[in-house]
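Presented below is the structure to which this report refers.
Position 1 is the first residue of the sequence; numbering continues from there. Every heavy atom of this structure was used, including side-chain atoms; hydrogens, water molecules and symmetry mates were not.
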Amino acid sequence: MKKVITYGTFDLLHYGHINLLKRAKALGDYLIVGVTTDSFDISRGKLNVQQSLMERIQAVKDTGLADEVIPEEYIGQKIDDIRRYHIDVFAIGSDWEGKFDYLKEYCEVVYLPRTANISSTKLRQENSGIRLVLLAMSRWLKNLFRNPGM
């Protein structure tokens, strides 16, 4: 059995994530997905994650693509996981090209193409604008009902 592992935050799961998971799954027979914990994200300077770890893990499970989902909690865990789970292929998005070449000592490393024009960062920015409009409208409505003569 050929085992594949990939990692990510998977915040606001979108079709780009799903495409990545499909591509990773196609590389072997068994896919393990590591989802970064809140504390690990913070330690890496990723402060804008909107969903809890449990929500993100459940979203990955709900795709039906992962055979197993594990939390990623610390630097160095990738090597530990590759050894622990007897991984044959480490797969990650092409935006990380070259960053994980050091893992070639332990398994095959594959950089998967990203889906164009989609990212969690982009979705957070779009949602942020919507929230701002909703907040402004909410305040306007509250003022309108407090002061009906406005």
Side-chain angles (χ1 to χ4, degrees), residues 1-139 141:
M1 178 184 341
K2 191 172 185 181
K3 289 186 173 183
V4 180
I5 196 164
T6 190
Y7 295 86
T9 302
F10 298 102
D11 191 33
L12 305 174
L13 190 79
H14 52 72
Y15 65 90
H17 290 134
I18 293 168
N19 287 342
L20 182 85
L21 293 173
K22 284 179 181 177
R23 290 176 184 129
K25 178 87 171 175
L27 296 172
D29 306 304
Y30 191 85
L31 177 63
I32 300 173
V33 179
V35 179
T36 56
T37 62
D38 299 331
S39 58
F40 187 58
D41 281 330
I42 290 169
S43 74
R44 299 181 312 135
K46 195 167 197 170
L47 307 175
N48 56 354
V49 176
Q50 293 185 357
Q51 295 177 297
S52 72
L53 173 62
M54 296 316 297
E55 289 174 307
R56 294 180 284 121
I57 286 175
Q58 190 60 53
V60 170
K61 286 180 178 179
D62 289 347
T63 68
L65 294 166
D67 295 293
E68 192 171 341
V69 182
I70 60 173
E72 182 182 19
E73 303 176 271
Y74 58 91
I75 293 173
Q77 182 175 336
K78 289 176 180 70
I79 293 171
D80 292 345
D81 288 346
I82 288 166
R83 289 176 173 163
R84 178 181 305 118
Y85 296 105
H86 307 285
I87 298 299
D88 300 293
V89 180
F90 171 84
I92 198 79
S94 59
D95 52 324
W96 293 98
E97 188 83 38
K99 174 78 172 164
F100 295 103
D101 285 354
Y102 72 94
L103 294 175
K104 289 179 180 180
E105 181 179 334
Y106 306 96
C107 65
E108 180 183 357
V109 175
V110 177
Y111 295 98
L112 301 168
R114 288 182 51 100
T115 303
N117 301 317
I118 186 71
S119 72
S120 297
T121 301
K122 183 178 180 182
L123 291 176
R124 280 191 288 274
Q125 289 169 344
E126 289 171 2
N127 288 342
S128 174
I130 291 169
R131 277 196 215 112
L132 186 58
V133 169
L134 291 174
L135 180 62
M137 288 178 63
S138 166
R139 289 183 180 162
L141 286 171

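To the nearest 0.5 Å, atoms CD1 (I82) and CD1 (I87) are separated by 7.0 Å. Distance NE2/H86 to CD1/I32: 10.0 Å, rounded to 0.5 Å. Rounding to the nearest 0.5 angstrom, the gap separating the OG1 atom in T6 from the CD atom in E72 is 10.0 Å. Here the straight-line distance linking atom CD1 of I18 with atom CG of L13 works out to 5.0 Å at 0.5 Å rounding. How far OH of Y111 is from CZ of F90: 7.0 Å, rounded to the nearest 0.5 Å. To the nearest 0.5 Å, atoms CD1 (I57) and OG1 (T37) are separated by 9.0 Å.
For D101 and K104, the salt-bridge test passes: some basic side-chain N is under 4.0 Å from an acidic carboxylate O. Ion pairing of D95 with R114 is present here, as a side-chain N (NZ or NE/NH1/NH2) and a carboxylate O approach within less than 4.0 Å.
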Trace of the side chain to side chain contact (heavy atoms under 4.5 Å, CB included) decision for R44 with T9: CA-CA 11 Å; R44 299 181 312 135; T9 302; 3.5 Å; yes
Criterion side chain to side chain contact (heavy atoms under 4.5 Å, CB included) on E108 and D88, from CA distance to verdict: CA-CA 6 Å; E108 180 183 357; D88 300 293; over 6 Å; no
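K61 has its side chain out of reach of V35: every pair of non-hydrogen atoms, C-beta onward, lies at least 4.5 Å apart. A 4.5 Å side-chain heavy-atom check between L27 and L112 finds at least one atom pair inside the cut-off. Using a 4.5 Å heavy-atom cutoff, the side chains of V109 and Y102 are not in contact. Looking only at side-chain heavy atoms (C-beta outward), V33 and L21 come within less than 4.5 Å of each other.
Under 3.5 Å, the side chains of Y30 and E68 contain a donor-acceptor pair of N or O atoms. For the residue pair S52 and D38, no side-chain donor N or O sits within less than 3.5 Å of a side-chain acceptor on the partner. Side-chain atoms of D80 and Y74 include a donor-acceptor pair closer than 3.5 Å.
With sequence neighbours excluded, the residues satisfying salt bridge (charged side-chain N to carboxylate O under 4.0 Å, His left out) with K25 are D67. With sequence neighbours excluded, no residue forms a salt bridge (charged side-chain N to carboxylate O under 4.0 Å, His left out) with R83.
With T36 as reference, D41 is the one residue of I42, V49, D41 to meet the side chain to side chain contact (heavy atoms under 4.5 Å, CB included) rule.
Checked by atom type and distance alone, the side chain of R56 pairs as donor or acceptor with a backbone atom of Q51 at under 3.5 Å. Within the 3.5 Å criterion, the main-chain N or O of Y85 finds a donor-acceptor partner in the side chain of K3. The backbone N or O of L65 sits less than 3.5 Å from a side-chain atom of T63, completing a donor-acceptor pair. Between the side chain of Q77 and the backbone N or O of E73 there is at least one donor-acceptor pair closer than 3.5 Å.
Nearest heavy-atom pair, P113 versus S94, reported as atom, atom and distance to 0.1 Å: CA-OG, 3.7 Å. Nearest heavy-atom pair across V60 and A66 is CG1-CB, 4.1 Å.
Relative orientation of the H17 and H14 rings is parallel, given thresholds of 30° and 60° on the angle between their planes.
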